[in-house]
Amino acid sequence: MAVPERATLLWLFRTMATIRAFEERHMQEVNAGKPIGGGHSSIGEEAVPSGVCAHLTDRDFVASTHRGHGHCIAKGVDVKGMMAELLGRSTGVCRGKGGSMHIADVSKGMLGANGVVGSNLPLATGAGLTAKLRGQGQVSVSFFGDGASNQGTFHESLNLAAIWKLPVVYVCENNMYAESTPVEYSTSVKDIAQRAASYDIPGVIADGMDVLDVYEKAGRAVERARRGEGPTLLECKTYRYFGHFLADDPHRYRTKEEEDGYRARDAIATFKKRAVEGKWLTAQEMEAEEKQAYSLMEEAVRFAEDSPPPSLDDLLTDVYVSYPRSKA
Amino acid sequence: MAVPERATLLWLFRTMATIRAFEERHMQEVNAGKPIGGGHSSIGEEAVPSGVCAHLTDRDFVASTHRGHGHCIAKGVDVKGMMAELLGRSTGVCRGKGGSMHIADVSKGMLGANGVVGSNLPLATGAGLTAKLRGQGQVSVSFFGDGASNQGTFHESLNLAAIWKLPVVYVCENNMYAESTPVEYSTSVKDIAQRAASYDIPGVIADGMDVLDVYEKAGRAVERARRGEGPTLLECKTYRYFGHFLADDPHRYRTKEEEDGYRARDAIATFKKRAVEGKWLTAQEMEAEEKQAYSLMEEAVRFAEDSPPPSLDDLLTDVYVSYPRSKA
Amino acid sequence: MTTTTATRQITYGEAEREALREEMRRDPNVIIMGEDIAGAAGRPGFTDAWGGPFGSTKGLIQEFGAERVRDTPISEAGFIGAAVGAAATGMRPVADLMFIDFIGCCLDQIMNNAAKMRYMFGGKSRMPLTIMTRIGAGVGSAAQHSETLYSMLTHLPGLKVVAPSDAYTAKGLLISAIRDDDPVIVCDHKRLLGRRGPVPEEAYTWPIGKARVLKPGKDVTLVGISLMTGVCLDAAAALAKEGVDAEVIDLLSLSPLDDEAILTSVKKTQRLVVVDEDTPRCSLATDIAALVADEAFDYLAAPVKRITAPHTPVPFSRVLEQAYIPNAQRVVDTVKGIMG
Amino acid sequence: MTTTTATRQITYGEAEREALREEMRRDPNVIIMGEDIAGAAGRPGFTDAWGGPFGSTKGLIQEFGAERVRDTPISEAGFIGAAVGAAATGMRPVADLMFIDFIGCCLDQIMNNAAKMRYMFGGKSRMPLTIMTRIGAGVGSAAQHSETLYSMLTHLPGLKVVAPSDAYTAKGLLISAIRDDDPVIVCDHKRLLGRRGPVPEEAYTWPIGKARVLKPGKDVTLVGISLMTGVCLDAAAALAKEGVDAEVIDLLSLSPLDDEAILTSVKKTQRLVVVDEDTPRCSLATDIAALVADEAFDYLAAPVKRITAPHTPVPFSRVLEQAYIPNAQRVVDTVKGIMG
Ligand SMILES: Cc1ncc(C[n+]2csc(CCOP(=O)(O)OP(=O)(O)O)c2C)c(N)n1
Ligand SMILES: Cc1ncc(C[n+]2csc(CCOP(=O)(O)OP(=O)(O)O)c2C)c(N)n1
Ligand SMILES: [Mg+2]
Ligand SMILES: [Mg+2]
């Protein structure tokens, strides 16, 4: 494996650190009872969106899941606008109307988190169709979970993308659980990548705890897509450190030992160690990045809290309202 | 390949001949403008339901498609009641309320033709669940087309049956077309059986123009299911001689040569030839069976035409009717 | 706006094809996707085998090619969801859902993505998606191919729903739907597709949200939808012979609803009968009745009546199917019952 | 039948769990299927990790085992369709659809198979299927987890739809649903699940199709559904202080509808306000208004009023979400407006 260039390494680290800082800060706010509705933390999985989105620009598309904060950040969505969104403020990226499960910024090619498991795969496929029809080398990425790989939309989307040779990368974030359900129960194959055989497309497994492995394999898939050779199914084996949502206690369905095993391979810590050992980046500059990420979150929370909530008029905007006329 | 015993051979031949006679007679009625709504002919595909259902009893289940007459006959549904159904009579197996696309006889384990492509796979899966919970060795079969194999229900059903080891045989009748759409356009794999890899279950290809090949391979799948070893995906390569529905001219999307090629391998004619050559059955007894099948159809049409249509009261029965009260 | 001076007569289906052709010429972002909309996809030597199950897209692939007139596998959630994704990223797709009865295969994409994205994203996205689909009983296709069902979609915020009643409105509404930045469902009654009527050759729009009065009258308001508009006109003609002067409103848009047109008419006639082929519960029929019982209450001289299909699936046998569908006689009888 | 003499208080969710347990003991054909209804499926040492996302099935797997309390993958069309197939072949399954917002993933199985088979097959099959699902806004889950949506299902012939309003009716209706030979959708409001109320320990049924009068009154009829029944009671209490005597009907069954109960009440009070958290178009609110505008027209003294959510998706921000949901103040104001 070739080591990416310094700017890329720095971007990968910064992105992972920003995601983690964001998720931690958000968790803190949720625990303080601020945003109702909670949210799904992606702590532990930072390497996946970072390694994939490193290959994308604002002109490429991402369709995301209920666990979407990391995808947003890696796709370049403004962190302050995100925090304001999660706190339901009018300055949120969705003006406070979407919240965690529908956070989006179409101007960045981020087509939204999605509260319906499996629902984003057709969306990403359609974005891939746009890319193909436009012919400008854009690429579309769907992130989805191991659980989502059992939805019918997975099958229909991969078949469509395969027969139409669409520039889509289907990234399965296999964190081994769908809520409390272990993947070995829900899923009839050991590796989800194996399902690529049903579509005659490449099925690739990456170590989702190793950002460089994800980066390399996603790079190949994105390049293949940009060249017009069609879709790839990329399975990233990863782990969420916390519960399914913030109030969920994961020890009801998995062992502490299993968790410790993954935490010992923490993507950020491992990267730091390797970067120092390989003299790619210095410990100081990485610590500075981390500090910077945490202080950005302070700023983001302050920004959000200083922002007003939406006005009541916003209830009826952004949708044609026909009935009852102006009475709702 | 071991030649089945004489009674089985006779059953296979009689069933194929009955299906063909039924479809021809129905076509005649449709062309005479009798049943409105037409129907989907299965002429050319007779070997598939015959070879599969030879392994089933009334206690086993079949879930069928829009092209369901053959499945009904092979599953033992009364031919007179079927003809009456297609002509909309009160003596029809569904009392005239279902018609060709919903013809059913639950008492025979025939859970219905189905007008929604792909919709029967979950039904058959559920019947397989019943079979498993009952623990009496029942088996469930889903027939579906090449087109249906691109529906999400295919994926969800096969995954469920695989993880739960349900006694279900998924029989893909690959007749190379879904309406006018060739399978090589719609489907990302050469052989649909290949998709079994996504579920870690056997994927088997049978020659759907050869009833003995279907019989043998279906037998293995049914036995596996009865033993509690789980589902099989059995792809039968076959061909419909006529259009998608009776008014469809198939020469708008396929060549006469292709058709001729399949007709030259006609399942009934081939079987006859081999049976005579192998001295399994005599030409005379097979001709008698065919004659018998055609005269059964005369009888069936007469029965149907002598039967009254449903009474207007039937509009509101067989469903709770709440509203508007007794006013419809 | 309620009539046309065109003299050329074409069918409803041809009118829609013309709308598609004109919009595809006008805007390269317009594409069509659906099962067998061209046919024989990818088969050398067999272009345009079907041109759509109802011929609505016949001839378009020759002019616009297979990239823009795109046959799909049988994967409603997949390809309609892909149309949603394409619309979110700058295309203006028209997706063909063969029968509205198949809505359950793809409703999630329509209700959770297409209908909600603009609102959920704080207005920062557009969803210029059109879905064409076929409704209605009467052709012997039984329970899974004969539903009307538009009431279910009208229930959903974020969707616009229209139901043309003739060739003229079919073309105008389809063009409006394609140009609209919100998702629009166009419900075509299978028994209207072959009917001829005057249609201008050039592109024109019929505004979404606008009903029309097809026959003015002073004694009772009949609201018709899709095929039922013709039933209302027949009933009005029969009623005229008996001295009852019915006003016939052709609803055309189900969402948004032209409540002004309905209220104005009922305030004049003081009586309302809604004729709707959909099943009765939580339907367009109840919707319009409820509107009037609230906002025109003081004008009403008689109970508000609804004539609908019964609350059952569609039966196969012809005698039952005919009894299932509302007809002019039922309208006449109902009107007489409230004229007293 | 409208009250219970029980004194034991348990939550709505516990009442449902009791109903499930009692019916599973009573009939070995009763099974439950759904995502995480036990949890940690197949993982040695971790039985019943969740007991359902809302705890409704907690403890059942210990008694009935994983064959009958069956966790499923995320495959709504697959497992709900499998429940339909199991019901058609002799089981009596209860399928758990986590949120009604996911109905679009499996509607085809419900509307084209479960709802129609009995009719299509000429009455020769049964469909003893129960689907439990969660409705309603107010917990900050935004547009894709907060819908009410039962109106869409009520529209469909062949389905029965119920919406309990407290622990007592939750248990009685769930038992009725399980014993019913037609498919029944049980809509549980998420904000009711934790509320306590008196519930008898033994099994009992609340008849499907039967509403109840929770507070008699003579001036105006308030019809509430699910959580909105409580809103009606609050409004009635506030109105009483102002001298308005409101009758509160708790609808409970949406399909079939207890039209007798509604008509009897409105004929007495002459005024109707329907309070429905669902969006307004083609909804239960219009359905009930239309019924009354037809069949109790001669008794009505004022316009028929509907109080509903606006015709928009559910917004996230708490201030907007609170404004979205109908409340007692709106009911009071509306009633005052028609008391004239
Ligand atoms: C269609 C649908 N079914 C069920 C749910 C409830 N739900 C939300 S997240 C989730 C688990 C998803 O698992 P996976 O796809 O592996 O993603 P992860 O949460 O592990 O990131 C479930 C069942 C949903 N949101 N949508
Ligand atoms: C969900 C759905 N989509 C589309 C249709 C229309 N339709 C009916 S049959 C058919 C083709 C089915 O092809 P296949 O599964 O190969 O079966 P075959 O007709 O070849 O037996 C289509 C598209 C339908 N009935 N249901
Ligand atoms: Mg997961
Ligand atoms: Mg086929």
Side-chain angles (χ1 to χ4, degrees), chain C residues 76-77 101-112 115-116 119-120 142-144 147 149-158 254-255 257 274 278-298 300 302-306 309-313 315-316, chain D residues 76-77 101-112 115-116 119-120 142-144 147 149-152 154-158 254-257 274 278-298 300 302-306 309-313 315-316:
Chain C
E76 280 82 6
D101 310 64
F102 307 157
I103 194 82
C105 299
C106 53
L107 186 65
D108 178 60
Q109 292 299 319
I110 297 171
M111 70 175 250
N112 277 320
K116 293 177 182 169
Y119 190 84
M120 293 193 299
Q144 293 176 340
E147 291 212 63
L149 217 59
Y150 44 49
S151 303
M152 243 179 62
L153 297 172
T154 301
H155 180 63
L156 299 173
L254 316 187
S255 184
L257 185 72
V274 185
D278 207 349
T279 51
R281 302 290 318 280
C282 303
S283 64
L284 253 299
T286 67
D287 193 78
I288 293 167
L291 170 75
V292 164
D294 181 359
E295 301 196 28
F297 180 77
D298 292 335
L300 284 174
V304 179
K305 290 291 174 186
R306 289 154 286 137
H311 193 56
T312 70
F316 169 65
Chain D
E76 281 82 5
D101 311 64
F102 307 157
I103 193 84
C105 299
C106 53
L107 186 64
D108 179 59
Q109 293 298 321
I110 297 171
M111 70 176 248
N112 277 320
K116 293 177 182 168
Y119 190 84
M120 293 192 299
Q144 293 176 339
E147 292 212 63
L149 218 56
Y150 43 50
S151 303
M152 243 178 64
T154 301
H155 179 63
L156 299 173
L254 316 187
S255 183
L257 185 71
V274 186
D278 207 349
T279 51
R281 301 292 317 281
C282 302
S283 63
L284 253 299
T286 68
D287 193 78
I288 293 167
L291 170 75
V292 164
D294 181 358
E295 303 195 31
F297 180 76
D298 293 333
L300 284 173
V304 178
K305 291 290 174 186
R306 289 154 287 137
H311 193 56
T312 69
F316 168 66

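Per chain, numbering begins at 1; letters A, B, ... match sequence-line order.
- At a threshold of 4.5 Å between non-hydrogen side-chain atoms, the residues D:Met152 and C:Leu153 do not count as touching.
- Atom CG in D:Leu149 sits 6.5 Å away from atom CG in C:Leu156 (nearest 0.5 Å).
- Nearest heavy atoms, C:Ala289 versus D:Ala290: CB-CB, 3.7 Å.
- The parts of D:Ala143 that come within reach of chain C are both its backbone and its side chain, each placing non-hydrogen atoms under 4.5 angstrom from that chain.
- Rounded to the nearest 0.5 Å, atoms OH (D:Tyr119) and CZ (C:Phe316) are 13.0 Å apart.
- Looking at C:Glu147, only its side chain comes within 4.5 Å of chain D, counting heavy atoms on both sides.
- Residue D:Met111 touches chain C through its side chain alone, counting heavy-atom pairs closer than 4.5 Å.
- Per-residue heavy-atom pair counts under 4.5 Å with chain C were compared for D:Ala115, D:Gly158, D:Ala285, D:Ser283, and the maximum is reached by D:Ser283.
- Taken to the nearest 0.5 Å, the SG atom of D:Cys282 stands 8.0 Å off from the CG atom of C:Asp278.
- The heavy-atom pair separating C:Asp101 from D:Asn112 by the smallest distance is O-ND2, 2.9 Å.
- The most heavy-atom pairs under 4.5 Å with chain C, out of D:Leu284, D:Thr279, D:Leu254, come from D:Thr279.
- Most heavy-atom pairs under 4.5 Å with chain C, from the set D:Ala77, D:Ala296, D:Pro157, D:Gly104: that is D:Pro157.
- Residue D:Gln109: no heavy atom, backbone or side chain, is found under 4.5 Å from chain C.
- Within the 4.5 angstrom heavy-atom criterion, no atom of D:Ile110 approaches chain C.
- A pairwise comparison of heavy atoms in C:His155 and D:Arg281 identifies ND1-O, 2.7 Å as the closest pair.
- The closest side-chain heavy-atom distance from C:Glu295 to D:Pro303 is not below 4.5 Å.
- For chain D, the option among C:Pro315, C:Ala293, C:Pro313 with the highest count of heavy-atom pairs below 4.5 Å is C:Pro313.
- Atoms CG and OG1, on D:Leu291 and C:Thr286 in that order, are 10.5 Å from each other to the nearest 0.5 Å.
- Contact record, D:Thr154 with C:His311: O-CE1, 3.6 Å, taken as the closest heavy-atom pair.
- With respect to chain D, the highest number of heavy-atom pairs below 4.5 Å among C:Asp298, C:Ile103, C:Leu300, C:Val292 belongs to C:Leu300.
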